[in-house]
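Below is one structure, written out as C-alpha cells; comments come after it.
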Amino acid sequence: MMRISEPMGNHTVLIVNGPNLNLLGTRQPEVYGRETLADIESLCRAHGAALGLSVDFVQSNHEGVLIDHIHGARGRCAGLIVNAGAYTHTSIALLDALLSVDLPVVEVHLSNIHRRDEFRHHSFIAKAARGMICGFGGHGYRLALDALVNIIGET
Ligand code: DQA
C-alpha cells in the first residue's frame, strides 16, 4: 500500500459532502445503510492517517458553501474526494469549481447510482473527476483515499 512520506509537502485531502448527507444513518437506510456521516468521518481520518494524509472533512446543504470549500482547497490541499449528493445530477457550478482548482478529484457515492432512477445516472461533476467509486457505502471513501494517495504519490 502506498503511503505518503512526511517531508513530501502538502498532504491534506479535502472530503466534501453535499446535501442531505448530514442525515446518514436515519435517511433511507435501505439505500444508504446505517452508518452516520460521523462514522464515515472517523473512518476517513483513521485511514487517511494510515496513508500519511491529513483529512479535512466538510458537509453542507448549500451549493455556494460547497463551492467555497472547493475554492479553499486550491494551493492548500493535495486532492479532493467529493460526494455532491443530488447536486451531482444538477450542478454545472460545482463542476466549474472542481475544474477551477486544478487538483485531482475522486467522486464517491454511497449507493450505486446506476442501479437507481434514470436521473441519477448522469453526473455533471464526473468530467472533473479522475474516477468514480459508487455502490460500496462508506467503504467507498476508503477506496477513494487509496486512489488519491496513489495519484498524489505519482506527482
Ligand atoms: C448519493 C447519490 C445521489 O443520487 C443522492 O442524491 C444522494 C447521495 C450517494 O452517495 O449515493 O444524496 O450521492
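Counting convention: from 1, in listed order, for ligands and their atoms alike.
When each atom of ligand 1 is checked for a heavy atom of Arg27 under 4.0 Å away, the hits are 7 (C), 12 (O). Of all the atoms in ligand 1, the ones that sit under 4.0 Å from a non-hydrogen atom of Ser111 are 2 (C), 9 (C), 11 (O).
Here's the thing with Val108: none of its N/O atoms is less than 3.5 angstrom from an N/O atom of ligand 1. Residue Thr88 places no N or O, backbone or side chain, under 3.5 Å from any N or O of ligand 1. Looking at ligand 1, you won't find any N or O of Ile113 less than 3.5 Å from one of its N or O atoms.
In terms of protein heavy-atom proximity, atom 3 (C) of ligand 1 is closest to His89 NE2, 3.5 Å. In this structure, atom 9 (C) of ligand 1 lies nearest to the protein heavy atom Leu110 N, 3.4 Å. Of all protein heavy atoms, the one closest to atom 8 (C) of ligand 1 is Tyr32 OH, 3.5 Å.
Scanning Arg120, His109, His121 for the heavy atom closest to atom 6 (O) of ligand 1 points to Arg120.
Legend: residues meeting side-chain hydrogen bond (donor to acceptor under 3.5 Å, both in side chains) with Ser54, ordered by chain and number and at least two apart, are Thr12.
By the 30° and 60° cut-offs, the orientation of the rings of His121 relative to His114 is tilted.
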Show me the side-chain donor-acceptor pairs of residues 72-86 shorter than 3.5 Å, one per line, residues at least two apart or across chains.
residue	atom	partner	partner atom	Å
Arg76	NE	Gly72	O	3.0
Arg76	NH1	Asp56	OD2	2.8
Arg76	NH2	Asp56	OD2	3.3
Asn83	OD1	Gly85	N	3.1
Asn83	ND2	Tyr141	OH	3.3

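Taking the ring centroids of His89 and Tyr87, they lie at or beyond the 6.0 Å cut-off.
Under 3.5 Å, the side chains of Thr36 and Asp39 contain a donor-acceptor pair of N or O atoms.
Gln59 pairs in a side chain to side chain contact (heavy atoms under 4.5 Å, CB included) with only one of the listed residues (Asn20, Val16, Asn22, Ile15), which is Asn22. Of the residues Leu110, Thr88, Val108, Ile113, the one that meets the side chain to side chain contact (heavy atoms under 4.5 Å, CB included) test with Cys134 is Ile113.
Only the side chain of Asn83 comes within 4.0 Å of ligand 1, judged by heavy-atom distances.
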